[in-house]
Amino acid sequence: MRTPSDPPTTLALTDGRATDPQVTGYKAATLARLLREGFPCADGVVIPTWIHRRHQAGTATDPRGRAGHLAHLERVLVEITDLHPTESLAVRSSGTTEDTAEASCAGLHTSVLDVTGTDALRTAVLECWASAENPARIRYAGAVGAPAMAVLVQRMLEPEAAGAAFATGSEGSGPAVVSVSAVRGRADRLMQGETPADEWTVTGTHADRLRSTCAVITFEQAVAVAELTRRVSAALSCRAEIEWALCDGDITLLQARPVTHVDAAEPTWSVPARGEWRRDIRLGEWLPEPVTPLFATWFLPAVDLRFRRAQWRRSGVLVSTPSYRIVNGWYYHSPLGERRSAALVEGMLVNPRFACAMLAGRHRPAVADRLVIAEETAALEHHTRRYRELLGSVTDGFESMPELAVAEFVDRVVAVVGDYLWPMLLVGGAAWRAEQALARYYLRRLHPSLGAPYQELLVQRGRCEPVPAHAVSTLDWYRPTLGEVAEAPDPPAPAPMARATGALRLEQACLSVLLQHNTDPGPFQRLLSLARDSASRRRLHTGKLTEPWPVLRRALHRLGTALVDQGVIDSPEDVHFLTLPELRTALSTGSGTSLRDAVADRVSAWTRQRALRPPLALGTAACLLPLLLGRPATASTTDGDVLHGVGVSPGRATGRARIVEHPETARMAAGDILVVRSLVPALAPQIMCAAAVAADVGSVAAHMSVIAREYGVPAVVALHSVTRSIRDGDVITVDGTTGRVHRRGAVG
């Protein structure tokens, strides 16, 4: 029987005494504190710690539980079941050593859900108390003996969505960056790992969906969860982790605790500098994974400097700082670097001929072709000869060359690559403008009568050209070229080019429609001829970019072998995880100082970075840039079982998904659908034989998107997480006309 000196057997979270963690445990005390401060917490009652202490003392003297200490528990059960006679309850442990800044004890204490009735409630409370003596908890927290345990009892919620969120840091003086996870239904499905979650990173009021499985919450709801997390962090004076539920459109706070560590697998994606930084333009479309340290410190700065010099000489646009940044290992590019639209205006004044040609080229591509592109094409042919002269100078190999001479050879090749890149991108852009001009004409005059997509006019005619051995799966030197892949199977035979005949038929149909309407077919024929010639020119010169890569890889292997002999690294391939200063120092001094530990740490970091799904864009573009270059498409949404991306090659196909990380792992059969992070040149054999293609990143104007169109293979890019959203072997449908991927097979 209760004595007058006994404290209350239950405390409502709204009771001021519930904020004392020694009375209600840290989990309940934190909720009580936040509830009193106006946070939208789920209400409940707490069985205080003194009941558990009385139970511990009574159990020690009467293990069978016949003593009167159980009477306190029985009174508790009556009080709670009187409040919730038929409702389903959540019964959660709330220890005096858990959910602190030093130890979360996550997963070590017990919570019991869907509890109904007195008997079930009794069992659940006893299970929570028993978890205080969990040996794993004692080892984890370094405690001696079992701490006092309170028990939090709340009404079960049946939310539309639920999940977790935690603050990972702050952007300078700005708001904290918050990682948000969400699942449909209750949060326990997420905590127990029963279902994959949608993942968001929220910076201020900007949310990036890193992974989407079923579009559980909206952009606005992700931002609201993040803002709640920031408010909780401010109230607790620490970075906070919360569990939340979405009920009838309102967010309810279920739990809150300090973050005891920052998860290295979910870093922040900070805007590196002023401007918009994208990973799907320029070199980004050739870099589908994080860059290695040697590539990042040797190739990228040297090529970027040569590229910016060429850009200044030809266009008058001066970009004085690097036009790329590395964010969590991933390459991001900004056409103007940190500069704003004023740089474009300056360029127009310095070189008005170039500016006028580029502006006119958006609507009259022949003008740009005559005034600018012809000269850039000649530059590409000159740089190709420089390539071949350099490669011809080492036909005897690198074995007899001093290491510093090998490094000097790499420097010279990289310089030519930097010079090659500017005219290559201009020629590629001209091809895109020519295609767009053809598209506008076709959609205005021909599409209403014919219905077929204009891209079918550009399907390649004639035989399929072989894929060169120097084709790469990434520009990073770390990965082998297509010709180096050991024991690679013969490239699959391309599918019959039946659609090339369709292109001829469509061309004839276009001419017939124009004649029927008494329209001169000359402009159409000139646009079509220019689009085809430009596409062919782009394919030819873009394909030559990586011609030196096999020789560069042999040169780097030679340098790596020298460092192995010195005892600096364990394997020649480890050279890719050194920085250029480290490499030069080791080669020039021959000191033999071991860098094995640094290599091991960098390999581990690079492996973790490969598992990330970085945002397509960071920051905001200069206002004039989209007007001159066009706005890159960034569609990446999910609607149930439909992923929305950017259609880059029309048509529809249904087949078995084959997720391919690298060309050497590709095993595709006829009718399979190629699913990749990025369309890279080394995947050309698979693209040509695939029924369709789906990619995480990419753009309409990307080199391999053009290849897909020319070979008539339906393709959708900018899906962001298609390689995570579907499984290898799933039957899916790719619609390159609408930019949709259906994850449940054939659709009507």
Side-chain angles (χ1 to χ4, degrees), residues 357-374 376-377 425-462 497 499-542 626-633 646-651 698-715 717 736-739:
M358 291 294 100
L359 289 170
R362 297 199 66 184
H363 297 281
R364 295 183 177 274
V367 174
D369 201 65
R370 184 173 60 255
L371 296 180
V372 173
I373 303 307
E376 299 299 342
T377 302
L425 292 174
L426 277 189
V427 167
W432 171 239
R433 285 189 292 273
E435 182 176 328
Q436 286 297 92
L438 173 65
R440 286 192 295 270
Y441 184 96
Y442 179 88
L443 293 173
R444 185 175 67 252
R445 296 180 178 271
L446 298 166
H447 186 267
S449 300
L450 298 174
Y454 81 90
Q455 292 97 332
E456 290 193 6
L457 288 166
L458 300 176
V459 173
Q460 187 186 61
R461 293 177 289 178
M497 297 296 294
R499 292 187 64 192
T501 304
L504 286 172
R505 286 199 298 265
L506 181 58
E507 181 181 349
Q508 293 301 319
C510 290
L511 294 174
S512 297
V513 170
L514 292 174
L515 291 174
Q516 289 170 11
H517 291 84
N518 296 317
T519 301
D520 179 12
F524 167 73
Q525 290 176 310
R526 287 191 291 273
L527 285 173
L528 179 59
S529 177
L530 180 59
R532 286 174 173 169
D533 290 345
S534 298
S536 177
R537 189 164 53 214
R538 170 173 50 189
R539 183 174 62 252
L540 171 67
H541 292 295
T542 304
L627 298 177
L628 295 176
L629 301 182
R631 178 68 183 169
V646 177
V648 297
S649 182
S699 65
V700 179
H703 173 58
M704 295 311 294
S705 298
V706 176
I707 295 297
R709 285 198 293 279
E710 291 173 353
Y711 283 92
V713 179
V717 301
T737 304
T738 63

- Message: Test of understanding: with side-chain contact (heavy atoms from CB on, under 4.5 Å), list the residues that count as partners of Ser529, not counting sequence neighbours.
- Response: Asp533

- Message: Test your reading of the model: is there a side-chain donor-acceptor pair from Ser649 to the backbone of Gly736, 3.5 Å cut-off?
- Response: no

- Message: Quick check: closest heavy atoms across Pro650 and Pro453, and the distance to 0.1 Å?
- Response: CB-CG, 3.5 Å

- Note on the structure: By side-chain contact (heavy atoms from CB on, under 4.5 Å), Leu511 pairs with (sequence neighbours left out) Gln508, Pro521, Phe524, Gln525

- If you round to the nearest 0.5 Å, how far is SG of Cys510 from CZ of Arg505? 13.0 Å

- Does any N or O in the side chain of Arg433 come within less than 3.5 Å of the main-chain N or O of Ala360, such that one atom is a donor and the other an acceptor? no

- Task: Please round to the nearest 0.5 Å and tell me the distance separating atom OH of Tyr441 and atom CG of Leu446.
- Result: 6.0 Å

- Message: When you compare the side chain of Val513 with that of Thr519, does any pair of heavy atoms fall below 4.5 Å?
- Response: no

- Please name all residues satisfying side-chain contact (heavy atoms from CB on, under 4.5 Å) with Leu371, sequence neighbours left out, ordered by chain then number. Arg353, Ala357, Val367

- Message: Nearest 0.5 Å, please: how far is OG in Ser449 from CD in Gln516?
- Response: 7.5 Å

- Query: When rounded to the nearest 0.5 angstrom, what is the spacing between CG in Leu527 and CZ in Arg364?
  - Reply: 10.0 Å

- Decide yes or no for Tyr442 and Leu450: does some side-chain heavy atom of the first lie under 4.5 Å from some side-chain heavy atom of the second? yes

- Message: According to side-chain contact (heavy atoms from CB on, under 4.5 Å), who are the partners of Arg537, at least two apart in sequence or on a separate chain?
- Response: Asp369, Ile373, Thr377, Val427, Ser534, His541

- Message: Are more than 12 heavy atoms, taken from residues, nucleotides or ligands other than Arg440, located less than 6.0 Å from that residue's CZ atom?
- Response: yes

- Task: Determine the minimum heavy-atom distance between Leu506 and Ala452, stating which atoms define it.
- Result: CD1-CB, 4.1 Å

- Closest non-hydrogen atoms of Met358 and Ala368, given as atom of the first, atom of the second and distance, are CE-CB, 4.1 Å

